[in-house]
Enquirer: 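Have a look at this one before I ask anything.
Each residue takes its place number in the sequence, starting with 1. Hydrogens, waters and symmetry mates are skipped; everything else that's a heavy atom, side chains included, is used.
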Amino acid sequence: ENDREVLTWQAFGDGMRTLAEHIYESGWMPDLVVAVARGGLLPAGALSYALGTKSIGTLNVEFYTDIAETLPEPVVLPPLMDTSALRGKKVLVVDDVADSGKTLQLVVDLVSKHGVVSADEEVVEVSEVRSAVIYEKSRSIVKPDYVLKKTDKWINFPWSTLPPVTDPNKVGA
Ligand code: 5GP
């Protein structure tokens with residue numbers, strides 16, 4: 001299929017190694033990795049091993065369609081990680097793709113808010129947040145700091161191409 005960008009397991013594995021090298025060569029290394037679940041779980045795990053970063057957290061974000069059928073917006077779902085652990089840390093937010101970019105923007109904003117404010121209201125310690133994705137699409141409202149590949153096609157990721165085993169007639173998503 002020419003209208004699809006297909007990522008194989010092998011290309012995913014090799015690609016995460018390459019992306020980790022890009023991050024290292026940029027002279028910046030994270031203290032902590034935050035995976036945007038579920039799409040960012042596998043890339044975040046692969047990157048955290050390749051970078052040697054042992055601390056990893058997850059934020060579960062899904063697009064939620066309102067009953068009123070307005071524009072779908074991403075929302076953070078439980079269980080919620082304790083983001084106070086991010087304070088003053090260099091945080092790498094990892095997702096599979098920045099498509100509209102709304103999910104990545106939501107998580108980066110949430111993580112960036114954890115500055116330490118002193119008695120005279122001065123921000124003394126802020127989290128430094130960067131983001132990494134496998135794919136960036138041209139319509140994305142945010143520009144991720146680290147990108148493996150650019151595409152405007154629909155991407156088939158190896159972990160979501162097949163339907164759940166409980167529902168073999170369903171199309172994977
Ligand atoms: P956003 O539009 O907020 O950047 O992307 C939200 C989520 O939609 C992504 O994390 C990803 O899970 C899913 N998504 C967006 N574009 C694609 C795509 O081309 N292929 C697949 N499989 N999922 C996508």
Side-chain angles (χ1 to χ4, degrees), residues 4-63 74 76 80-118 122-160:
R4 292 275 171 123
E5 167 76 20
V6 177
L7 183 69
T8 63
W9 280 115
Q10 186 63 51
F12 160 67
D14 295 341
M16 289 306 93
R17 195 80 202 171
T18 304
L19 193 55
E21 282 165 1
H22 289 335
I23 295 167
Y24 175 60
E25 282 160 11
S26 78
W28 184 89
M29 286 291 269
D31 301 310
L32 211 139
V33 168
V34 172
V36 184
R38 289 177 300 169
L41 285 173
L42 282 90
L47 275 182
S48 75
Y49 270 109
L51 293 167
T53 306
K54 289 183 178 177
S55 300
I56 186 157
T58 65
L59 273 169
N60 197 9
V61 183
E62 296 280 345
F63 262 109
V76 179
L80 193 61
M81 74 178 278
D82 177 10
T83 48
S84 67
L86 307 179
R87 204 177 276 158
K89 294 281 199 305
K90 287 186 286 177
V91 182
L92 183 68
V93 172
V94 181
D95 209 350
D96 50 359
V97 52
D99 187 324
S100 70
K102 286 181 175 181
T103 301
L104 199 61
Q105 187 175 63
L106 177 80
V107 176
V108 166
D109 283 354
L110 216 140
V111 169
S112 308
K113 284 199 185 102
H114 287 274
V116 177
V117 183
S118 66
E122 190 194 350
V123 178
V124 289
E125 206 183 9
V126 248
S127 317
E128 193 198 342
V129 185
R130 294 195 185 182
S131 58
V133 293
I134 307 177
Y135 289 101
E136 180 189 0
K137 297 196 184 178
S138 54
R139 71 190 189 110
S140 175
I141 57 169
V142 286
K143 171 118 196 59
D145 297 285
Y146 306 102
V147 176
L148 184 67
K149 278 182 92 177
K150 294 190 180 187
T151 189
D152 285 319
K153 293 179 182 173
W154 183 259
I155 308 145
N156 278 0
F157 292 104
W159 47 85
S160 56

Enquirer: Under 3.5 Å, sequence neighbours excluded: what are the donor-acceptor pairs made by side chains of residues 8-22?
Expert:
from, atom 1, to, atom 2, distance (Å)
T8, OG1, A11, N, 3.0
Q10, NE2, D14, OD1, 3.1
Q10, NE2, D14, OD2, 3.4
T18, OG1, D14, O, 3.2

Enquirer: Kindly compute the distance separating CE (M29) from OG1 (T53), expressed to the nearest 0.5 Å.
Expert: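 Output value for this atom pair is 5.5 Å.
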Enquirer: Can you name the residues that form a side-chain contact (heavy atoms from CB on, under 4.5 Å) with L106, not counting sequence neighbours?
Expert: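 Per chain and number, L106 pairs via side-chain contact (heavy atoms from CB on, under 4.5 Å) with V61, P74, V76.
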Enquirer: Could you please spell out the steps behind the side-chain contact (heavy atoms from CB on, under 4.5 Å) verdict for L41 and W159?
Expert: CA-CA 10 Å; L41 285 173; W159 47 85; over 6 Å; no
Enquirer: How long is the span from the OH atom in Y135 to the CG atom in L7, to the nearest 0.5 Å?
Expert: 4.0 Å
Enquirer: Would you check, one step at a time, whether the test side-chain contact (heavy atoms from CB on, under 4.5 Å) holds for L92 with L51?
Expert: CA-CA 11 Å; L92 183 68; L51 293 167; 4.0 Å; yes
Enquirer: Tell me which one of V108, D145, V94 satisfies side chain to side chain contact (heavy atoms under 4.5 Å, CB included) with R130.
Expert: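 It is D145; the other options fail the test.
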Enquirer: List the atom of S26, the atom of I23, and the distance in Å for their closest heavy-atom pair.
Expert: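 Closest approach of S26 to I23: OG-O, 2.6 Å.
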Enquirer: The criterion is side-chain hydrogen bond (donor to acceptor under 3.5 Å, both in side chains); which residues satisfy it with W28, sequence neighbours excluded?
Expert: E128
Enquirer: Only counting residues at least two apart or in another chain, list the ones meeting side-chain contact (heavy atoms from CB on, under 4.5 Å) with D99.
Expert: V97, K137, R139, W154
Enquirer: Going through the checks in order, is the side-chain contact (heavy atoms from CB on, under 4.5 Å) test met by M81 and T58?
Expert: CA-CA 7 Å; M81 74 178 278; T58 65; 5.7 Å; no
Enquirer: Do you know which two heavy atoms are closest between K153 and T151, and how far apart they sit?
Expert: N-OG1, 3.1 Å
Enquirer: Please list, chain by chain and in numerical order, all residues satisfying side-chain hydrogen bond (donor to acceptor under 3.5 Å, both in side chains) with K149, sequence neighbours excluded.
Expert: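 Testing K149 for side-chain hydrogen bond (donor to acceptor under 3.5 Å, both in side chains), a comparison that skips the adjacent residues, returns E5.
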Enquirer: What are the two closest non-hydrogen atoms of S140 and A98, and how far apart are they?
Expert: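 The pair with the smallest heavy-atom distance is OG-CB, 3.6 Å.
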Enquirer: Taking side-chain contact (heavy atoms from CB on, under 4.5 Å) as the definition, give me every residue that meets it alongside D95, ordered by chain and number, with sequence neighbours left out.
Expert: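 D95 satisfies side-chain contact (heavy atoms from CB on, under 4.5 Å) with V36, T103, L104, V133 once adjacent residues are dropped.
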Enquirer: Grab the two heavy atoms, one from S48 and one from I56, that are nearest each other, plus how far apart they are.
Expert: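 What the structure gives for the nearest pair is OG-CD1, 4.0 Å.
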Enquirer: Is it true that a side-chain atom of K150 and a backbone atom of S138 form a donor plus acceptor pair closer than 3.5 Å?
Expert: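 Flag not set: sc K150 to bb S138 has no pair under 3.5 Å.
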Enquirer: Looking at residues at least two apart in the chain, or sitting in another chain, which of them share a side-chain hydrogen bond (donor to acceptor under 3.5 Å, both in side chains) with D31?
Expert: none
Enquirer: Restricting to non-hydrogen atoms, name the atom on V142 and the atom on Q105 that form the minimum distance, rounded to 0.1 Å.
Expert: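 Residues V142 and Q105, closest heavy atoms: CG1-CB, 3.6 Å.
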Enquirer: Return the set of residues passing salt bridge (charged side-chain N to carboxylate O under 4.0 Å, His left out) with K143 (not counting sequence neighbours), or none when no residue passes.
Expert: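 K143: salt bridge (charged side-chain N to carboxylate O under 4.0 Å, His left out) contacts with E136.
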Enquirer: Kindly compute the distance separating CD1 (I134) from CZ (F157), expressed to the nearest 0.5 Å.
Expert: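 I134 atom CD1 to F157 atom CZ measures 5.5 Å (nearest 0.5 Å).
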Enquirer: Grab the two heavy atoms, one from A132 and one from L47, that are nearest each other, plus how far apart they are.
Expert: CB-CD1, 4.1 Å
Enquirer: V91 pairs by side chain to side chain contact (heavy atoms under 4.5 Å, CB included) with which of V107, V33, T83, L86?
Expert: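 Only one option passes, and that is L86.
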Enquirer: Checking S55 now: which residues fulfil side-chain contact (heavy atoms from CB on, under 4.5 Å) with it, not counting sequence neighbours?
Expert: L32
